[in-house]
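One structure is given below, encoded as structure tokens.
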Amino acid sequence: MRNYSIPHRPRRNRKSASIREAIAETRLSISNLLYPMFLLDGQNMKEEISSMPGIYRQTEDHILNEVEHCMKLGIKLFALFPAVDDSLKDKTASYASAKGNFYCRSIRAIKDRFPEAIIMTDVAMDPYSSDGHDGFVENGKILNDETLPILARMALAQAEAGADILGPSDMMDGRVGFLRDAMDENGFTDVSIMSYTAKYASGFYGPFRDALSSAPKFGDKKTYQMDYRNVKEALLEAQLDEDEGADMLMVKPALAYLDVISALSLQSRLPIAAYQVSGEYAMIKAAAAKGWLDEKKMVHETLSSIHRAGASIILSYFAKQYAENPLF
Ligand code: PBG
């Protein structure tokens with residue numbers, strides 16, 4: 001072989017684990033993770049969601065144990081989603097702001113027992129709506145401005161229960177400013193808003209809708225959730241949410257939208273969050289169950305990539321599993 005000079009050999013910086021560790025550009029920490037959980041009314045019930053092995057719909061007593069376990073592992077951030085009985089659903093999602101509803105009762109119970117846990121709520125009508133849509137429906141249309149006061153009533157009930165962060169996941173226009181005003185007028189200036197800024201109309205939400213029986217009763221969500229062919233539109237949504245007073249911006253789903261996470265983190269001075277959604281979880285679990293993928297590696301790789309793209313907070317159903325057995 002001819003004597004050949006290669007002055008730049010990037011492989012030198014990969015030659016040992018010690019060097020790779022020293023120069024790693026991103027490092028996923030358990031404190032970046034937010035664990036979403038599904039809440040049931042009642043006592044001592046725990047049902048596994050068939051398309052999300054390892055994830056349960058469970059009652060407050062089980063949720064309290066879960067929070068305690070997670071806090072010990074270093075997870076401090078939680079999101080709660082209610083599985084509401086069909087008999088309580090109506091057109092105006094009235095149960096969402098009903099006095100003493102089980103969702104608000106459980107937020108209070110968690111905050112009383114674990115004051116340092118951060119509880120993020122879901123602000124959208126779908127878990128409580130007989131139409132299964134995130135907004136108020138009239139003549140087959142999802143009405144924007146009529147939805148805002150309903151969201152504000154729901155958010156106020158959550159804030160009164162002790163919620164730390166509101167998570168408007170509904171994609172109505174103007175809702176961040178509307179919620180900010182409602183909070184400030186009622187003395188909740190410390191309640192934060194993590195806006196679902198760029199929430200796409202996605203095929204990846206299927207298992208979540210199974211978990212809450214919240215699939216739309218007609219049509220789809222394309223008149224309010226974003227078109228997955230667009231990224232400029234996400235920058236517009238980000239600008240609006242910032243102007244309206246959001247504290248953090250979220251992109252959802254995560255893995256198919258790393259460019260959106262990256263674009264938002266370059267444009268905005270606010271912290272960026274990303275939601276590795278139910279379908280992303282189900283895909284990895286299913287392939288791992290078949291022995292086609294190494295689950296632990298896939299969890300670390302996907303979470304690290306979402307972090308690398310620019311998300312400081314990652315909502316993931318893998319949060320607990322990862323914290324129990326991290327791969328550094
Ligand atoms: C609805 C909501 C959805 C998710 C969070 N909030 C589903 C939807 O828009 O239909 C999905 C989360 C997931 O798939 O894990 N407000």
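In listed order, ligands and their atoms are each counted from 1. In what follows, residues are counted from 1 in the order of the sequence shown. Every heavy atom of this structure was used, including side-chain atoms; hydrogens, water molecules and symmetry mates were not.
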Identity and separation of the nearest protein heavy atom to atom 8 (C) of ligand 1: Lys221 NZ, 3.3 Å
Donor-acceptor under 3.5 Å (Ser106 side chain, Phe102 main chain): yes
Close approach, Gln225 and ligand 1, non-hydrogen under 4.0 angstrom: yes
Step-by-step side chain to side chain donor-acceptor pair (under 3.5 Å) determination, Thr302 to Gln276: CA-CA 9 Å; Thr302 53; Gln276 183 179 49; 3.2 Å; yes
Nearest-contact summary for atom 1 (C) of ligand 1 - protein heavy atom, Å: Asp126 OD2, 2.8 Å
Those atoms of ligand 1 less than 4.0 Å from some heavy atom in Asp134: 1 (C), 16 (N)
Check: Glu47 side chain, Gln58 main-chain N or O, donor-acceptor pair, under 3.5 Å: no
Heavy atom of the protein closest to atom 16 (N) of ligand 1 (residue, atom name, distance): Ser169 OG, 2.8 Å
Closest protein heavy atom (residue, atom, distance) for atom 10 (O) of ligand 1: Arg209 NE, 2.6 Å
Side-chain donor or acceptor of Tyr275 paired with backbone N/O of Ala254 under 3.5 Å: no
Numbered atoms of ligand 1 (with element) below 4.0 Å of Ala124, judged on heavy atoms: 16 (N)
Side chain Lys91, main chain Val137, donor-acceptor under 3.5 Å: yes
Interfacing atoms of ligand 1 (cut-off 4.0 Å, heavy-atom, Tyr205): 8 (C), 9 (O), 11 (C), 14 (O)
cation_pi(Lys252, Tyr196) dist<6.0 Å, angle<=45: no
Ser130 versus Asp90, side-chain donor and acceptor atoms under 3.5 Å: no
side-chain contact (heavy atoms from CB on, under 4.5 Å) evaluation trace for Leu28 with Tyr322: CA-CA 11 Å; Leu28 181 69; Tyr322 179 76; 3.8 Å; yes
Distance from atom 11 (C) of ligand 1 to nearest protein heavy atom, with residue and atom: Lys252 NZ, 3.0 Å
Atom 2 (C) of ligand 1 - nearest protein heavy atom and its distance: Lys199 NZ, 3.2 Å
Ligand 1 to Tyr196 polar contact by distance, N or O atoms, under 3.5 Å: no
Tyr281 to ligand 1, any heavy atom closer than 4.0 Å: no
Other residues, nucleotides, ligands: >12 heavy atoms within 6.0 Å of Tyr228 OH: no
Sub-4.0 Å atoms of ligand 1 with respect to non-hydrogen atoms of Tyr275: 12 (C), 15 (O)
For ligand 1, the portion of Val277 having any non-hydrogen atom under 4.0 Å away: both
Flag, side chain of Asp134 to backbone of Met125, donor-acceptor distance under 3.5 Å: no
Per-residue contact class, Ser278 against ligand 1 - non-hydrogen pairs under 4.0 Å: both
Shortest protein heavy-atom distance from atom 12 (C) of ligand 1, along with the residue and atom involved: Phe208 CD1, 3.3 Å
